[in-house]
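Working notes for the structure below.
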Amino acid sequence: MKEFEVIKEFFTAQPVNRKDVAMGIGDDCALIRASDSKYIAITTDTLVCGVHFPTDTPARAIGHKAVAVNLSDLAAMGAEPAWISVAVTLPTVDREWLAEFTAGIFELTEYFNVQLIGGDTTSGPLSITITAQGTVPQGKALCRNGAGNGDWVYVTGEIGEAGLALQALREQVSLSPREMQHAMDALNYPKPQVLAGQVVREYASAAIDISDGLLADLTHLCQASTLGISLDVNDLPIAPVLLNKLGEEGAARLALTAGDDYQLIFTVPDTNKVALETELKQANIKSSCIGQMNKSQEIIISRGETRLSFAESGFEHFS
Ligand code: ADP
Ligand code: MG
């Protein structure tokens with residue numbers, strides 16, 4: 001059974017009974033009506049040592065990443081981050097490790113004006129669970145199910161470098177010390193696209209963040225919106241180092257299927273395309289148009305005239 005089948009079969013059993021739940025299970029965040037004009041967006045993500053990060057990952061990176069992946073889900077809703085709770089399970093109390101770990105947390109909370117408001121501390125194998133909450137004006141929240149037929153599909157930033165770092169750690173590719181440093185930074189210190197989410201929410205119809213891989217997360221957006229997309233790998237914002245190291249074919253494969261990018265995918269109606277691109281440029285946010293939503297309910301990937309196919313779409317916990 002796969003992760004999403006488990007969620008669907010066992011955890012969606014409860015019908016949504018409360019009127020203040022605008023979005024329950026199934027999106028990057030839940031949305032709760034906090035007032036007539038505002039939603040509170042809430043998300044939880046766990047990082048398990050050896051699963052979500054290699055055992056020798058620096059403590060500061062673990063703290064940073066645990067916050068970043070949660071803020072990334074808030075960004076995907078167009079929400080402004082406000083509060084986090086941090087639950088840690090620690091094998092031992094190591095003061096030096098804890099100082100670095102919390103420094104990693106606080107560098108992001110400070111940058112985004114987020115308050116740590118609670119959590120839990122237990123002993124056991126290293127694992128971190130963070131719940132992040134933020135606010136978004138009602139009517140501006142970006143859900144996965146909002147894309148319309150013909151909407152343009154965009155991706156922020158560049159993709160694939162975190163995946164390249166993992167390949168290098170597994171010695172499947174060899175990088176120069178400088179390339180390795182850069183790739184490890186992408187893996188360990190992802191930058192949640194919080195500002196992009198807030199700029200985009202004025203124009204976009206749907207969004208999702210890329211945690212499991214572009215193809216996997218694009219599939220979630222397409223399924224939620226009951227639409228499909230045709231895309232050409234030549235339009236993907238693949239990090240140049242992937243092309244250098246893996247060639248066109250390998251780079252496209254890794255960029256589409258490796259996770260941990262924490263960029264945003266979003267869709268924009270044609271009427272908003274020009275305004276959105278102007279705003280993103282003004283805010284200095286890199287984005288690439290990778291295709292257009294269509295009614296096919298399929299994701300068709302090609303390079304020019306050649307159709308490509310992929311056995312795996314992204315990271316799966318129970319594969
Ligand atoms: P993301 O990758 O954006 O963090 P996930 O793929 O982890 O989202 O989860 C998909 C959806 O399922 C989310 O809405 C999440 O809140 C929900 N979910 C995951 N696990 C559970 C669970 N055990 N109980 C209830 N909801 C869950
Ligand atoms: Mg997400």
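Remember, it's 1-based here, ligands and their atoms both numbered in the order they're listed.
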Strictly below 4.0 Å, N to O, side chains only: are [X] and [Y] in salt-bridge contact?
X    : Y    : answer
R253 : E249 : yes
R144 : D217 : no
R60  : E107 : yes

Protein non-hydrogen atom found under 4.0 Å from atom 12 (O) of ligand 1: yes

Between [Y] and [X], do the side chains contain a donor N or O and an acceptor N or O under 3.5 Å apart?
X    : Y    : result
Q263 : T156 : yes
T89  : T122 : yes
S211 : D209 : no

Which residue owns the protein heavy atom closest to [atom], what's the atom, and how far is it?
atom                    : result
atom 4 (O) of ligand 1  : D73 OD2, 3.2 Å
atom 27 (C) of ligand 1 : I7 CG2, 4.1 Å
atom 2 (O) of ligand 1  : S211 OG, 3.4 Å
atom 22 (C) of ligand 1 : F11 CG, 3.7 Å
atom 7 (O) of ligand 1  : E3 OE2, 4.2 Å

Polar proximity ligand 1 side, I25 side, N/O cut 3.5 Å exclusive: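 I25 vs ligand 1: no N/O contact under 3.5 Å.
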
Heteroatom distance test (D28, ligand 1): nitrogen or oxygen, under 3.5 angstrom: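 Yes.
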
Close-contact set for ligand 1 against D45 heavy atoms, below 4.0 Å: 4 (O)

For the Mg ion (ligand 2), find the closest N/O/S atom belonging to [X] and write down its atom name.
X    : value
D209 : OD1
D28  : OD1
D73  : OD1

Heavy-atom check, side chain of L126 versus side chain of W97, under 4.5 Å: yes

Path from I208 to M293 over hydrophobic side-chain contacts below 4.5 Å: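 Same cluster: I208 reaches M293 through Ile, Leu, Val, Met, Phe, Trp or Tyr contacts under 4.5 Å.
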
Side chain to side chain donor-acceptor pair (under 3.5 Å) evaluation trace for D151 with S205: CA-CA 8 Å; D151 287 0; S205 49; 2.6 Å; yes

Contact partition for R144 relative to ligand 1, non-hydrogen atoms under 4.0 Å: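 Near ligand 1, R144 shows its side chain, while the N, CA, C and O stay back.
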
Options T43, I210, D27, ranked by nearest heavy atom to atom 15 (C) of ligand 1, top entry: D27

